[in-house]
*Asks:* 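Here's a structure for you.
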Amino acid sequence: MLSRPPGIEDVFPDRVAIRDGITSTARDAFRLAGYREIIIPVIEFTEVFARGIGDDTDIVSKEMFTFEDRGGRSLTLRPEGTASVVRAYVENGDYNRLSTCKFFYTGPMFRAERPQRGRLRQFNQFGAECFGSGDPWYDCEVIAMMDSIARRVGIRDHEVLINSIGCPACRANFIAELRSYYSGKTGALCRDCGARLERNPLRLLDCKEESCRDLKGDAPRITDYLCEGCRDHHDALKRHLAAARVAYTEDHLLVRGLDYYTRTTFEFVSSALGGQNAFAAGGRYDNLVELFGGRPTPAVGFAAGIERMELLIDGSEAPPRGGDVYLVHSGGPALERAQELCIFLRDRGISADLEPSTTGFRAQFKKADREGARVALVIGEDELASSTCTMKNLKSGEQDTVPFDAVHDRVLAILRQGYNPE
RNA sequence: GUGGCUGUAGUUCAAUGGUAGAGCCCUGGAUUGUGGAUCCAGUCGUUGCGGGUUCGAAUCCCGUCAGCCACCCCA
């Protein structure tokens, strides 16, 4: 039997309904805040990600699906969205001349990781990016948007963690301090952290090894080493978040794995997710546009993992929506009449279905019930002879004889009852 | 990339090394033109795949593939 590749899912209708709910909620929230949708390519030159995400990150060094085109150029299936949005922004002169520019995107991302709960090789994200202002008001805006989306799709008990990792200047001071704190304690560090101390000391702070965890208690805090500008920015963000009524927790151990972040970093986490506890994350990246060859342009954004959000939503909240009408017939000329009526109703926006093979009325009613239809229209010998059909309200059980030319109005009357509960 | 657990019907799961089963689902009937509840009957299998041990393997051993979980990392 043919099968799908590992870490890649088929999504059947019940889950598509849940996913549609999440993405349409996100789209609404973005549009209300003035963010407009951008559609970015699924495939980019590998260089876009190598430069944007960082050569040293795990994503670039070992988790990308990369291949060569016929001309020998290296292409990669996008592992995230920000690098592409920045590339598109810099490449398009019309947009990068605007003072502030707000985009959102949604779609599949690809990472060649080992699959587990909440981690797929093909997964979906939505995200937003705001270019052109370094004002912490926008840091607050993207966090508040994500918080609103999470609450509106029914995610409860999540936490919003925030931190600042400063700018390159003050971060260098902090890293020097961090190095000297850990340099006398290398014996107590795990093997991975020995290497981290050299290559990327910030990551020492989110190691989960018990021995390393113990050392963090007395480690220097990055927020104590921020320069005046970064400190003011962080304080202003906290004031804005309080005014926006976003409940947040400061986490000075929150650092990002991607190279492009400056100042604000944040993460939405839920303990219900297990090992992969973050379902959205982002931050400020004031130097990335310049790194891509654009004019220096501050920016802030985030991305959310849609499958991880699905894990946090109670599936019972999305009952499958049944059809409106099911046609029950006795075959032959009655089937032809039922087919006529079926198409007539569909043309008028009423969903209708029938069973073409001739089975008993009992079986057809059973099917109507299973498929969640609200109205059954019966066309048998009697109805054919009198140009009527028997209309049954499947919810109340009431039944009535209706002439053909009144079917549309009478069906509508029943369907509308659902919208006016007494 | 590392480690652990699990692979049996469409699905959820049983089965001391000795006849592969049950619930749900599905189909039909009780009810010849009326669903949901109940009862009855029926269909459904290369026990993931390949080897080995054995008189005999779903069961034990080896390999392999897949899935899940954790680490790593990340959304």
Side-chain angles (χ1 to χ4, degrees), chain A residues 1 3-9 22 53-54 56-64 78-82 106-127 146 150 190-193 195-196 200 203 206-210 255-258 266-270 273-283 301-312 322 326 328-331 334 357-384 389-399:
Chain A
M1 196 192 299
S3 65
R4 59 191 194 277
I8 293 180
E9 291 187 315
I22 293 173
I53 301 171
D56 289 341
T57 60
D58 282 13
I59 291 178
V60 172
S61 62
K62 52 190 189 194
E63 293 174 359
M64 296 203 301
R78 62 182 181 196
E80 57 110 55
T82 300
T106 178
M109 308 294 166
F110 304 84
R111 294 184 198 173
E113 302 182 280
R114 182 112 169 229
Q116 64 184 73
R117 180 177 166 83
R119 191 171 75 183
L120 295 158
R121 289 187 168 183
Q122 177 179 338
F123 60 101
N124 288 273
Q125 292 187 332
F126 62 78
M146 184 59 217
C190 69
R191 195 177 302 164
D192 288 334
C193 282
R196 287 186 181 119
N200 196 351
R203 300 217 62 84
D206 59 5
C207 183
K208 290 169 187 165
E209 285 289 328
E210 203 168 325
V255 294
R256 308 268 63 214
L258 280 47
F266 63 87
E267 212 164 80
F268 284 66
V269 300
S270 169
L273 281 174
Q276 325 294 319
N277 68 345
F279 62 92
F302 75 94
I306 295 176
E307 286 83 352
R308 289 187 185 177
M309 292 177 71
E310 287 172 20
L311 291 172
L312 294 172
Y326 202 88
V328 176
H329 62 88
S330 57
S357 66
T358 305
T359 59
F361 278 27
R362 174 185 155 74
Q364 295 182 64
F365 267 93
K366 216 167 192 169
K367 204 159 179 180
D369 186 58
R370 261 206 317 272
E371 295 184 6
R374 297 173 59 195
V375 177
L377 292 176
V378 183
I379 298 167
E381 307 303 329
D382 300 345
E383 289 84 355
L384 264 185
C389 63
T390 300
M391 182 180 76
K392 182 167 186 176
N393 181 334
L394 289 172
K395 209 168 178 182
S396 68
E398 290 164 16
Q399 193 163 304

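Below, all heavy atoms of this structure are taken into account, side chains as well, without hydrogens, waters or symmetry copies. Just so it is clear: chains get the letters A, B, ... in the order the sequence lines come, proteins before strands, and each one is counted from 1.
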*Asks:* Categorize L377(A) for me: base, sugar-phosphate, or nothing, with a 4.0 angstrom heavy-atom threshold over every strand shown.
*Replies:*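 L377(A): no heavy atom of the nucleic acid under 4.0 Å.
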*Asks:* Assign G397(A) to base, sugar-phosphate, or nothing according to its heavy-atom contacts below 4.0 angstrom with the strands shown.
*Replies:* base
*Asks:* On RNA chain B, check which nucleotide each of I306(A) and K392(A) is closest to and give me the residue with the more 5' one.
*Replies:*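 Upstream on the strand: K392(A).
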*Asks:* Does a donor on one side chain sit under 3.5 Å from an acceptor on the other, for E383(A) and T390(A)?
*Replies:* yes
*Asks:* Which of these nucleotides, G33(B), G35(B), A75(B), is closest to any side-chain atom of D382(A)?
*Replies:* G33(B)
*Asks:* Is it the case that the base of U34(B) and the side chain of Q364(A) share a donor-acceptor contact (distance under 3.5 Å, atom types as modelled)?
*Replies:*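 Between U34(B) and Q364(A), which were checked side chain against base, a qualifying N/O pair under 3.5 Å is absent.
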*Asks:* I want to check one thing: is the phosphate of A75(B), taken as OP1 and OP2, less than 4.0 Å away from some side-chain N or O of Q125(A)?
*Replies:* no
*Asks:* Starting at the 5' end of RNA chain B, which residue's closest nucleotide do you reach first, P115(A) or T359(A)?
*Replies:*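 So the residue in question is T359(A).
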*Asks:* On the side chain of R119(A), is there an atom forming a donor-acceptor pair with the base of A75(B) - under 3.5 Å, no angle test?
*Replies:*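 Not at all, since no donor on one side and acceptor on the other fall under 3.5 Å apart.
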*Asks:* Quick check: any donor-acceptor pair below 3.5 Å linking the side-chain of K62(A) to the base of G1(B)?
*Replies:* no
*Asks:* Do M146(A) and F279(A) pass the side-chain contact (heavy atoms from CB on, under 4.5 Å) test, and can you show the C-alpha distance, the side-chain angles, and the key distance before you say yes or no?
*Replies:* CA-CA 10 Å; M146(A) 184 59 217; F279(A) 62 92; 3.8 Å; yes
*Asks:* With the criterion set at under 5.5 Å between ring centres and under 30 degrees between planes, would U34(B) be stacked on F361(A)?
*Replies:*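 F361(A) vs U34(B): stacking no.
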*Asks:* Is E307(A) touching bases, backbone alone, or none of the nucleic acid, heavy atoms closer than 4.0 Å?
*Replies:*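 Counting heavy atoms under 4.0 Å across all strands, no contact is made by E307(A).
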*Asks:* Record whether the side chain of R117(A) comes under 3.5 Å of the base of G67(B) through a donor-acceptor pair of N or O atoms.
*Replies:* no
*Asks:* Contact class for R362(A) vs. all strands (heavy atom < 4.0 Å): base, sugar-phosphate, or nothing?
*Replies:*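 Answer is base: heavy atoms of R362(A) come under 4.0 Å of a base.
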*Asks:* So F123(A), base contact, sugar-phosphate only, or nothing? Heavy-atom distance under 4.0 Å.
*Replies:*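 Base, at least one base atom sits under 4.0 Å.
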*Asks:* What orientation do F302(A) and F266(A) show, parallel under 30°, tilted 30 to 60°, or perpendicular over 60°?
*Replies:*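 Taking F266(A) first and then F302(A), their aromatic rings sit tilted (interplane angle of 30° to 60°).
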*Asks:* If you look at every strand shown and take non-hydrogen atoms under 4.0 Å, does A281(A) touch a base, only sugar-phosphate, or nothing?
*Replies:*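 Touches sugar-phosphate only.
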*Asks:* For a quick check of understanding: with a heavy-atom distance under 4.0 Å over all strands, which category does G282(A) fall into, base, sugar-phosphate or nothing?
*Replies:*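 Here G282(A) touches no strand at all.
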*Asks:* Between E80(A) (side chain only) and M109(A) (backbone N and O only), is there a donor and an acceptor less than 3.5 Å apart?
*Replies:*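 No, E80(A) side chain to M109(A) backbone: no donor-acceptor pair under 3.5 Å.
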*Asks:* Under 4.0 Å, counting only non-hydrogen atoms across every strand here, what does S330(A) touch: a base, just sugar-phosphate, or nothing?
*Replies:* nothing
*Asks:* Can you say whether a donor on the side chain of R370(A) sits under 3.5 Å from an acceptor on the base of C26(B), or the other way round?
*Replies:* no
*Asks:* Can you check the R374(A) CZ to G36(B) C1' distance for me, whole Å?
*Replies:* 16 Å
*Asks:* Please classify the nucleic acid contact of P79(A) as base, sugar-phosphate, or nothing, using heavy-atom distances under 4.0 Å.
*Replies:* nothing
*Asks:* Within the structure shown, what part of the strands sits under 4.0 Å from N124(A) by heavy-atom distance: base, sugar-phosphate, or nothing?
*Replies:* nothing
*Asks:* Keeping the roles fixed (side chain from R78(A), backbone from P108(A)), state whether a donor-acceptor pair exists under 3.5 Å.
*Replies:*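 The answer is yes, because a donor-acceptor pair under 3.5 Å joins these two groups.
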*Asks:* In terms of side-chain heavy atoms of V378(A), which of G35(B), U2(B), G33(B) is nearest?
*Replies:* G33(B)
*Asks:* What is the base-pairing partner of A30(B), counting Watson-Crick and G-U wobble geometry with both distances under 3.5 Å?
*Replies:* U38(B)
*Asks:* G63(B) pairs with which nucleotide, Watson-Crick or G-U wobble, both distances below 3.5 Å?
*Replies:* C49(B)
*Asks:* Tell me which nucleotide among U34(B), C74(B), G4(B) gets nearest to the side chain of R308(A).
*Replies:*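 Of the options given, the side chain of R308(A) lies nearest C74(B).
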*Asks:* Ignoring hydrogens and angles, tell me if any N or O in the side chain of R121(A) forms a donor-acceptor pair with the backbone of E113(A) under 3.5 Å.
*Replies:*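 Judged by distance alone, yes, a pair lies under 3.5 Å.
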*Asks:* Under the 3.5 Å rule, do the base of G33(B) and the side chain of E383(A) count as making a donor-acceptor pair?
*Replies:* yes
*Asks:* Looking at every strand, decide which applies to E381(A) at a 4.0 Å heavy-atom threshold: base, sugar-phosphate, or nothing.
*Replies:*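 It contacts base atoms.
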